[in-house]
Structures are given as structure tokens and as C-alpha cells.
Amino acid sequence: AFDGTVWMWTAGHLGMCHAMVGDGERAWECVRVGPESAGQFLSPNEHLLDGKPRVPWFTTGCGAWLAALHWMFVRVDDDGMHLLPAVPECLTDFSFHGLAGSAGTTVSCRVAKGRLHDLVIHSPVPQPLAFHVPKRFAPPAQVLALGEHDDFGDQWRARVSLEQGENRLL
């Protein structure tokens, strides 16, 4: 909120920034207030001022908000693909399907009681893939089941060979 307004665009940008640095608590806080700027039927608006929509159907603001939400669960940067890089501690049970990953992949997963239970990566072609996952979601036994891995302190980097199509890793 800023001067009595709620801005979906700003919520999205701030959420993306917090997700980039792995601050899930603040990213989630930003993502949670974004829809407060929506109008009837959750139509995206740039912002609300005195309860009235300003710049209705401002879809780029909605895109920024969606990117922030996406980056909390799957983010790709120069270091590779990061799974669950900015999930707040309060989210212990969740799932998602088909979020965009690196090299044309899509990622689906289920986390229950704070642990990764299902991980599926769909690949358009056979290819090697490396990804990072925080240790709090994947105990050592799970990572060992994936194959090659590196210990990066608070996260693992797993290296897998994907087949074309669905690859059920966990």
C-alpha cells in the first residue's frame, strides 16, 4: 500500500525482487496484497485509489504479479534453475503444475509437511539438467535418489539426465 492505494504493478516488482534474493516471507507479503488492487471478477487494475480502479485491465501489472508468484516456486537465472527458492516458512503444503523452467522444461511438484514429495520435470528433448533446491525441502536421502548432486550449504544442486517427455524424479 502507498498513500492509501494498492498497486498490483508495485506488488509484483517488489515480490520479484524479494524472490530473487530468496526472501520468501517478503515475496509472499507482496504477492498476497497484489489482488487487493483487482476490480470486479478479479480484473487486473494498475491500482485502486479510494476504492476505485485506476487504469483498468492493466495486464502488465498482472504479469509482474504473476512473475513474482512464479519466481517464488521456480526461477531461472545465470546460475541455472532454482526450485522453491523463495517459499515462505508458512507454506508447508502446496503444489503446482507446469511452471516454466530452464531449457524448455516445465516443472510440477508437491510439497507436504514441508518436504518435497513429488517432482516431475517435462522436457522437450533428452538433455542434462542441473537445478538447485533448498535443503529444508529435500533431506539427503531424497537428493541421493536423484543421482549426482553438490552441497551448496543451505541448498543442493542436483544434476540429472532427462528423457524427452515426463521425468518423474520423486
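One is the number of the first residue; the rest follow in order along the sequence.
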For this output row, return yes or no: ring centroids of Phe131 and His82 closer than 6.0 angstrom. no
So which atom in [X] and which in [Y] form the shortest heavy-atom distance, rounded to 0.1 Å?
| X | Y | result |
| --- | --- | --- |
| Ala19 | Ala86 | CA-CB, 3.6 Å |
| Pro124 | Thr105 | CD-N, 4.3 Å |
| Gly24 | Pro88 | O-CB, 3.6 Å |
| Gly15 | Ala27 | O-CB, 3.7 Å |
| Val107 | Gly101 | CG2-CA, 4.5 Å |

For the side chain of Trp156 and the backbone of His132, is there at least one donor-acceptor N/O pair under 3.5 Å apart?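 Between the backbone of His132 and the side chain of Trp156 there is no qualifying donor-acceptor contact (under 3.5 Å).
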Would the distance check show the side chain of His18 and the main-chain N or O of Asp23 forming a donor-acceptor pair, the cut-off being under 3.5 Å? no
Are the side chains of [X] and [Y] in touch, meaning some heavy atoms are under 4.5 Å apart?
| X | Y | answer |
| --- | --- | --- |
| Val87 | Phe94 | yes |
| Phe73 | Leu91 | yes |
| Leu69 | Trp71 | no |
| Ile121 | Leu169 | yes |
| Arg159 | His149 | no |
| Leu162 | His122 | no |
| Val111 | Thr92 | no |
| Val74 | Met81 | yes |

So with a 6.0 Å cut-off around CZ of Arg110, is the heavy-atom count from everything else above 12?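 Buried by this count: over 12 neighbours within 6.0 Å.
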Are more than 12 heavy atoms, taken from residues, nucleotides or ligands other than His97, located less than 6.0 Å from that residue's NE2 atom? no
What is the distance from atom [atom1] of [X] to atom [atom2] of [Y], rounded to the nearest 0.5 Å?
| X | Y | atom1 | atom2 | value |
| --- | --- | --- | --- | --- |
| Leu116 | Phe137 | CG | CZ | 8.5 Å |
| Arg115 | Leu170 | CZ | CG | 12.5 Å |
| Asp93 | Lys113 | CG | NZ | 8.0 Å |
| Cys109 | Leu119 | SG | CG | 6.5 Å |
| Leu84 | Gln155 | CG | CD | 11.0 Å |
| Glu25 | Cys30 | CD | SG | 12.0 Å |

Honestly curious: do [X] and [Y] fall in one hydrophobic cluster under the side-chain, below-4.5 Å linking rule?
| X | Y | answer |
| --- | --- | --- |
| Val31 | Leu66 | yes |
| Leu83 | Val160 | yes |
| Leu99 | Trp65 | yes |

Tell me, which pairs form a side-chain hydrogen bond (donor to acceptor under 3.5 Å, both in side chains) where one or both residues lie in residues 161-170, sequence neighbours left out?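 As it turns out, there is no side-chain hydrogen bond (donor to acceptor under 3.5 Å, both in side chains) pair with a partner in residues 161-170 once direct neighbours are skipped.
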Check side-chain hydrogen bond (donor to acceptor under 3.5 Å, both in side chains) between Arg32 and all other residues, then give those that pass, not counting sequence neighbours.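 side-chain hydrogen bond (donor to acceptor under 3.5 Å, both in side chains) list for Arg32, sorted by chain: empty.
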With a 4.0 Å cut-off, would you call Asp151 and Lys135 a salt bridge? yes
